[in-house]
Student: 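Structure provided below as structure tokens; questions to follow.
In what follows, every chain begins at residue 1, and chains take the letters A, B, ... in the order their sequences are listed.
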Amino acid sequence: MHDIRAIRENPAAFDAALSRRGDAPLSAELLAMDEARRAKIGAAEAAQAEANKAAKEVGAAKGRGDEAEFERLRALVSEKKAEISALNDEAKAQDAALTERLAVIPNLPADDVPMGADENDNEEISTWGTPREFDFKPVEHFEIAGVKPSMDFETAAKISGSRFVLMSGAVARVHRALAQFMLDIHTLENGLTEVNPPVLVRDDAMYGTDKLPKFAEDSYQTTEGMWLISTSEIPLTYIAANHVIDESYLPRRYTAHSLCFRSEAGSAGRDTSGMLRQHQFEKVEMVSVTHPNESDAEQKRMLRCAEDLLERLEIPYRTVLLCTGDMGFGARRTFDIEAWLPGQNAYREISSVSTTGEFQARRMNARFKPADGGKPQFVHTLNGSGLAVGRCLIAVLENGQQEDGSVTLPKALHGYMGGKTTINADGSLS
RNA sequence: GGACAGGUGGCCGAGUGGUCGAAGGCGCACGCCUGGAAAGUGUGUAGGCGGGAGACCGUCUCCAGGGUUCGAAUCCCUGUCUGUCCGCCA
């Protein structure tokens, strides 16, 4: 959500930032709405002030025994009442219209975000590791002999349809190990607070984290009207909603391992084989709530937390800074981490680390009281995957695959596998 | 699903028609006290919106929306959320 006062102060900067994102200028439209709104508010308040004054004098007139004046003022007050109520209704309508309009305008990119149209314009900022040299042709995760017995798409389709997977045995175990590993690093080493949040949320939480009203079709909704979260960013961030916290409580850092649900409307035909893109998947999420001055440093910190996991899992990756055209609706700056998938011979997104600035905080009214005693200000909120568990599983399997169809698991996971180090070609663990 | 009880400031909590933006406490800020701190003590401390260069002014807000009344935190209606008990289920 944008601050209309900021737009009022510098409409050119607002439009320029929108245009960097490839969007048409909007300030003229917004300012016209704002002006109409303020005029109505002014009129309503002036009428109210007049009525309030007269109402006060009613009592005084009565006290003096001035019946004529008393009656005159009473009549004046009740006459004003209708006028005020009409003006108030109009002012409210104008205000609601402006808010509704603002709610569907994306966040503005930070100045250091490169301009571009799509993912081809993203800026690679670092790489880690060297893709392994295979002396055979590496296959995709679902084609690995040792994986096949415990990664079952047919049965999942029977149960739930396309874009679901039924994991069992060795693969289910590695998947679980990965989530545990990530949570342990975040809580024991990175200082994040573990949270186990609800995955069904209300409208307010969706709206506050900018998933509504614009992207309703991307999420699943229950018959009771609740939403299945598309990411635990939603409940974790919404913890801060409607609060004014002391500055000393910042930053707040959370992590959660949760199920995530996405309808994947609009991605028909994309990534249809394997478990890269599913309606239901698991993700370990990181969310930080910070002082506005700290959010940029916090984003780098989060990025390192995510990258570190891949390094420990020995998975080559590259980190890119998304260009203006590739960023999500609520983001001000986003780094994507892309893991190397030998089976696809490509880097694929495994984490996305974004700062929203005060964009979400304004929507959900999340503020902090400055230590110097000033007015409450909006916090900054950040979110990042650390990491997408299913995709991480794919990376581990593809990078560890052997010519005989077995998979060598990274050392970091051995402790989470009861000492097992390998998925054998027959699907067993040893 | 049934029956009750509630929703007040950053937090807790008093307040059943006017003198209430709201007692008291906690927290926080500043001062006093102290060698320093703690304790103690004094003072201050809600937010949104609109106007103004600013001091400041206006307006709204005691869950939300309606209603009663000259006047509503307080009474009535509806909605919503929370809690408790019963039932059902895990």
Student: I'd like a table of donor-acceptor pairs (distance under 3.5 Å, sequence neighbours excluded) in which one partner is a side-chain atom from residues 235-249 of chain A, with atom names and distances.
Tutor:
residue: T237(A); atom: OG1; partner: E233(A); partner atom: O; Å: 2.6
residue: E247(A); atom: OE1; partner: A371(A); partner atom: N; Å: 2.7

Student: Taking the minimum atom-to-atom distance to the side chain of Q48(A), which one of rC49(B), rC60(B), rG47(B) wins?
Tutor: rC60(B)

Student: Check the distance between rG51(B)'s C1' and R8(A)'s CZ and give it to me in whole angstrom.
Tutor: 11 Å

Student: If you take any heavy atom closer than 4.0 Å to RNA chain B, which residues from residues 30-45 of chain A end up in contact?
Tutor: R37(A), R38(A), I41(A), E45(A)

Student: When the distance from CD1 of I245(A) to P of rC28(B) is rounded to whole Å, what number comes out?
Tutor: 15 Å

Student: With sequence neighbours left out, what residues match D336(A) under side-chain hydrogen bond (donor to acceptor under 3.5 Å, both in side chains)?
Tutor: S352(A)

Student: Could you please name the partner base of rU74(B), counting Watson-Crick and G-U wobble pairs only when both distances are under 3.5 Å?
Tutor: none

Student: Can you tell me how far P of rA64(B) sits from CG of D204(A), to the nearest Å?
Tutor: 14 Å

Student: Can you tell me if the side-chain N/O atoms of K92(A) get under 4.0 Å from OP1 or OP2 in rC60(B)?
Tutor: no

Student: What distance, rounded to whole Å, do you find between the two P atoms, one in rG17(B) and one in rA72(B)?
Tutor: 14 Å

Student: Got a sec, which pairs hit ring-ring contact (aromatic ring centres under 6.0 Å, His included) with one end in residues 359-388 of chain A, sequence neighbours left out?
Tutor: H2(A)-F359(A), H291(A)-F368(A), F329(A)-F359(A)

Student: Between rG48(B) and rA64(B), how far apart are the C1' atoms? Round to whole Å, please.
Tutor: 16 Å

Student: Strictly by Watson-Crick or wobble contacts shorter than 3.5 Å, is anything paired with rA5(B), and which nucleotide is it?
Tutor: rU82(B)

Student: How long is the line joining CG of N88(A) and C1' of rG66(B), in whole Å?
Tutor: 14 Å

Student: Once you apply the 3.5 Å cut-off to both distances, tell me the Watson-Crick or G-U wobble partner of rG42(B), or none.
Tutor: rC30(B)

Student: Check R301(A), R333(A), R332(A) against D296(A) for a salt bridge (Lys or Arg N to Asp or Glu O under 4.0 Å) and give me the one that passes.
Tutor: R333(A)

Student: Can you tell me which residue pairs pass the ring-ring contact (aromatic ring centres under 6.0 Å, His included) test with a partner in residues 255-277 of chain A, sequence neighbours excluded?
Tutor: none

Student: Do the side-chain N or O atoms of K369(A) get closer than 4.0 angstrom to the phosphate oxygens (OP1, OP2) of rG47(B)?
Tutor: yes

Student: Please state how far atom CG in D203(A) lies from atom P in rA64(B), giving the value in whole angstrom units.
Tutor: 19 Å

Student: Between D89(A) and I4(A), who's closer to the 5' end of RNA chain B by nearest nucleotide?
Tutor: I4(A)

Student: With a 3.5 angstrom cut-off on both distances, give the Watson-Crick or G-U wobble partner of rG54(B), or none if there isn't one.
Tutor: none

Student: Considering Watson-Crick and G-U wobble pairs with both distances under 3.5 Å, what does rG17(B) pair with?
Tutor: none

Student: Quick one: look up who rU68(B) pairs with, Watson-Crick or G-U, both distances under 3.5 Å, and put none if it's unpaired.
Tutor: none

Student: Are any of the side-chain heavy atoms of I394(A) and F142(A) separated by less than 4.5 Å?
Tutor: no

Student: Could you give the CZ-to-C1' distance, from R5(A) to rG48(B), as a whole number of Å?
Tutor: 9 Å

Student: Could you check whether R312(A) makes a cation-pi contact with F181(A), meaning its NZ or CZ is under 6.0 Å from the centre of the six-membered ring and within 45° of the ring axis?
Tutor: no

Student: Any idea which of rG27(B), rC81(B), rG47(B) is nearest the R202(A) side chain?
Tutor: rC81(B)

Student: What integer distance in Å separates D95(A):CG from rC60(B):C1'?
Tutor: 12 Å

Student: Only pairs with both distances under 3.5 Å count, Watson-Crick or wobble alike; so what is the partner of rC89(B) in this structure?
Tutor: none

Student: Can you tell me, in whole Å, how much space there is between the P of rU34(B) and that of rC26(B)?
Tutor: 24 Å

Student: For N424(A), what residues pass the side-chain hydrogen bond (donor to acceptor under 3.5 Å, both in side chains) criterion, not counting sequence neighbours?
Tutor: S428(A), S430(A)

